[in-house]
Peer 1: 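Pasting a structure below so you can have a look.
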Amino acid sequence: MKKNRTQKAILATIYTLFVVGLFLGTRCESRVHLTTPEQDAQHLAHLAETVHTEADLRKVERLASEYEIAYRNSYGGAKALYFKSLYEPILDEVGERRAAFRAEEDYLLEQQTTLHNTIADLDEAWNMPLGSEAEELAKLQANNAAAEAMRAELSDHTVAKELYAEEIIEAGYPQHMLDKIGAMEAEIAAKSAEVAEIEHKSEIIVLANKLQMNRDLYTLELSEE
């Protein structure tokens with residue numbers, strides 16, 4: 001009997017040590033050291049001041065999540081919810097600030113793209129072989145005529161698409177009709193891109209003549225009309 005009691009006591013001790021070890025191990029896995037909800041939220045606020053990129057924002061969000069989980073594991077859901085109520089306004093504010101940074105980055109990227117395209121246009125214009133004044137004017141007029149014809153086609157396609165859209169509504173939006181109007185929209189987008197490309201080529205021709213020969217083809221075209 002005494003031997004059985006001793007064995008049971010040993011097993012109970014081993015089980016207790018196992019549970020305690022598992023609990024301590026779980027707590028040690030947390031990478032955050034809890035102080036108070038207020039102090040930990042203030043720590044997040046300090047980190048939030050350094051956010052400038054999406055990666056910075058994600059790090060602060062992950063850390064806030066780790067704190068919340070640690071509070072839930074150590075003190076229960078009520079304290080975790082209290083901590084969450086402290087840090088959520090901080091993340092909202094940093095998110096708004098990051099959005100402002102992103103808008104500035106997008107603007108700078110747009111300006112860089114514009115500058116790159118302008119330099120490319122100047123390079124193309126300086127190196128474009130030019131003919132006589134009459135030949136250059138004829139090229140410009142041909143481009144303008146082609147663009148005008150395509151704009152007329154675009155207008156017809158747009159009207160047809162709008163009428164077809166009304167038919168789709170009346171028919172109850174059947175899939176085959178939705179597929180067709182999708183194809184019509186794609187064709188309109190492709191035509192619009194072609195018009196833009198022709199107009200851009202005309203701009204390069206005018207720029208080349210102005211830079212290389214000091215000829216204003218727009219003025220010459222108007223004088224012929």
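These values consider heavy atoms only, across backbone and side chains, with no hydrogens, waters or symmetry-generated copies.
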Peer 1: Which of these passes side chain to side chain contact (heavy atoms under 4.5 Å, CB included) with Asp56: Thr50, Val51, Val94?
Peer 2: Val51
Peer 1: Under the 4.5 Å side-chain heavy-atom rule for ILVMFWY, direct or indirect, which residues accompany Leu178?
Peer 2: Tyr164, Ile168, Ile169, Tyr173, Met177, Ile181, Met184
Peer 1: Can you tell me how far the NE2 atom of His157 sits from the OG atom of Ser192, to the nearest 0.5 Å?
Peer 2: 10.0 Å
Peer 1: For a quick check under 3.5 Å, do Asn144 and Glu148 share a side-chain donor-acceptor pair by atom type?
Peer 2: no
Peer 1: Flag the pair Glu68 and Lys79 as a salt bridge only when some basic side-chain nitrogen lies within less than 4.0 angstrom of an acidic carboxylate oxygen.
Peer 2: no
Peer 1: Quick test of your reading of the model: are Glu105 and Arg98 salt-bridged, counting only N-O distances below 4.0 Å?
Peer 2: yes
Peer 1: Tell me whether the count of non-hydrogen atoms from other residues, nucleotides or ligands lying under 6.0 Å of NZ in Lys210 goes above 12.
Peer 2: yes
Peer 1: Charged N to carboxylate O below 4.0 Å: is that the case for Glu153 and Lys191?
Peer 2: yes
Peer 1: Indicate yes or no: at least one non-hydrogen side-chain atom of Leu154 is less than 4.5 angstrom from one of Met150.
Peer 2: no
Peer 1: Between Asp40 and Tyr71, do the side chains contain an N or O donor and an N or O acceptor separated by less than 3.5 Å?
Peer 2: yes
Peer 1: Is any side-chain heavy atom of Leu122 closer than 4.5 Å to one of Leu211?
Peer 2: yes
Peer 1: Should the ring pair Tyr67 and Phe83 be called parallel, tilted or perpendicular, given that the plane angle runs from 0 to 90° and is split at 30 and 60?
Peer 2: tilted
Peer 1: Working to the nearest 0.5 angstrom, can you tell me the gap between Leu130 CG and Gln212 CD?
Peer 2: 4.0 Å
Peer 1: If the threshold is 4.0 Å, N to carboxylate O, is there a salt bridge linking Glu61 and Arg58?
Peer 2: yes
Peer 1: Any side-chain hydrogen bond (donor to acceptor under 3.5 Å, both in side chains) pairs touching residues 110-131, not counting sequence neighbours?
Peer 2: Asp121-His200, Asp123-Asn127
Peer 1: Report the distance from atom CG of Leu140 to atom CG of Asn209, rounding to the nearest 0.5 Å.
Peer 2: 8.5 Å
Peer 1: Above 12 or not: heavy atoms from other molecules or residues under 6.0 Å from CD of Glu104?
Peer 2: no
Peer 1: Which pair of non-hydrogen atoms, one from Ala41 and one from Leu86, has the smallest distance, and what is that distance?
Peer 2: CB-CB, 3.8 Å
Peer 1: Supply the atom-to-atom distance Glu136 CD to Met213 CE, rounded to the nearest 0.5 angstrom.
Peer 2: 8.5 Å
Peer 1: Return the minimal non-hydrogen interatomic distance between Ala125 and Ala208, and the atom names on each side.
Peer 2: O-CB, 3.3 Å
